[in-house]
Amino acid sequence: MRVPDDRQFVERFAEVTGGRRPTGYVEAWEQFVGFCEEGYDDVLDEYWFDLSVRHAIEQVLTDEGLRGFPQMGWFRELVGDADERFRAVLSEQRAPVRSDAPWWEAYLPAWAGPVLAAELRDTYGIHVEVRTAPRTWNERCAG
């Protein structure tokens, strides 16, 4: 039996994801997790939208056609590392979602930027620690 090459893997991945590449999914998930570690500071709708990349990743992880590719090893490892980081920011407060929601959707971050924290309070009555993300070098120089 021949081992599938990278081209075959990327083609199958694109079939499953509607044209996306593995690195794009990993980068999007890592970026979202990074925003949450700093204190995600956008509106609640954007939080749920950005979080949806993890649903897409789950489809990839559970796709039978991709399971046989050895290239899935690095994908699983990078996603697993980001998952671990995301779990570390989640509080024990359950989100107001269906009871069968996946772990990444079932709990909210323990801290958030002022915008998301206010919206969580106003929408769900959930209080989280407010953290302001560090300003960038350009923001510091300008103000």
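Model, not experiment: these values are computed from the prediction. The basis for the numbers below is simple: all heavy atoms, side chains too, and nothing from hydrogens, waters or symmetry mates.
Between the side chain of Arg85 and the backbone N or O of Gly80 there is no donor-acceptor pair closer than 3.5 Å. Listed for the Ser52 side chain is a donor-acceptor partner under 3.5 Å among the backbone atoms of Phe49. Listed for the Trp111 side chain is no donor-acceptor partner under 3.5 Å among the backbone atoms of Ser91.
Leu61 approaches Arg54 most closely through the heavy-atom pair CD1-NH2, 4.1 Å. The two residues Pro96 and Ile126 come nearest to each other via the heavy atoms CD-CD1, 4.2 Å. Closest of all the heavy-atom pairs between Pro109 and Val128 is O-CG1, 3.3 Å. Between Ala106 and Ala101 the shortest heavy-atom distance is CB-O, 4.1 Å. In plain terms, the two heavy atoms of Met72 and Leu66 that are nearest each other are CG-O, 3.2 Å. Here the shortest heavy-atom pairing between Ala82 and Val33 reads O-CG2, 3.8 Å.
Linking ILVMFWY residues whenever their side-chain heavy atoms come closer than 4.5 Å, directly or via other members, leaves Trp48 and Val43 in distinct clusters. When the side chains of ILVMFWY residues are joined at heavy-atom separations under 4.5 Å, either directly or via intervening members, Val60 and Leu78 end up in a single hydrophobic cluster. Residues Tyr107 and Leu44 fall within the same hydrophobic cluster, defined by Ile, Leu, Val, Met, Phe, Trp and Tyr side chains chained together at heavy-atom separations under 4.5 Å.
Side-chain atoms of Val53 and Leu51, non-hydrogen and from C-beta on, never get closer than 4.5 Å to each other. Here the side chains of Gln71 and Asp6 are in contact, with some heavy-atom distance below 4.5 Å. Within the 4.5 Å cutoff, no side-chain heavy atoms of Glu58 are placed close to those of Pro102. Counting only heavy atoms from C-beta outward, the side chains of Thr132 and Asp41 never approach each other to under 4.5 Å. Inter-residue side-chain proximity for Leu116 and Asp42 is flagged as unmet; no heavy-atom pair is nearer than 4.5 Å. The shortest distance between side-chain heavy atoms of Arg67 and Asp63 does not fall below 4.5 Å.
Here the CZ atom belonging to Arg12 is positioned 14.5 Å from the CZ atom belonging to Arg7, to the nearest 0.5 angstrom. Note that the CZ atom of Arg76 and the CD1 atom of Ile57 stand 12.0 Å from one another [nearest 0.5 Å]. In this structure, the separation between SG on Cys36 and CD on Gln31 is 11.0 Å, given to the nearest 0.5 Å.
Scanning for salt bridge (Lys or Arg N to Asp or Glu O under 4.0 Å) contacts around Asp45 gives an empty result, with sequence neighbours left out.
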### Message
The test is side chain to side chain contact (heavy atoms under 4.5 Å, CB included); show your working for Arg87 and Trp104 and say whether it passes.
### Response
CA-CA 8 Å; Arg87 281 185 175 102; Trp104 60 86; over 6 Å; no

### Task
Go through the steps for Arg131 and Glu129 under the test salt bridge (charged side-chain N to carboxylate O under 4.0 Å, His left out), then give the verdict.
CA-CA 6 Å; Arg131 288 192 183 173; Glu129 177 185 335; 2.9 Å; yes

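Atom OH of Tyr124 has more than 12 neighbouring heavy atoms from other residues, nucleotides or ligands inside a 6.0 Å radius.
For the residue pair Gln93 and His127, no side-chain donor N or O sits within less than 3.5 Å of a side-chain acceptor on the partner.
Sorted by first and then second residue, the pairs that involve residues 17-43 and meet ring-ring contact (aromatic ring centres under 6.0 Å, His included), not counting sequence neighbours, are Phe13-Tyr25, Trp29-Phe32, Trp29-Phe86, Phe32-Tyr40, Phe32-Tyr47, Phe32-Phe86, Tyr40-Tyr47. Note on residues 19-28: no pairs pass salt bridge (charged side-chain N to carboxylate O under 4.0 Å, His left out), not counting sequence neighbours.
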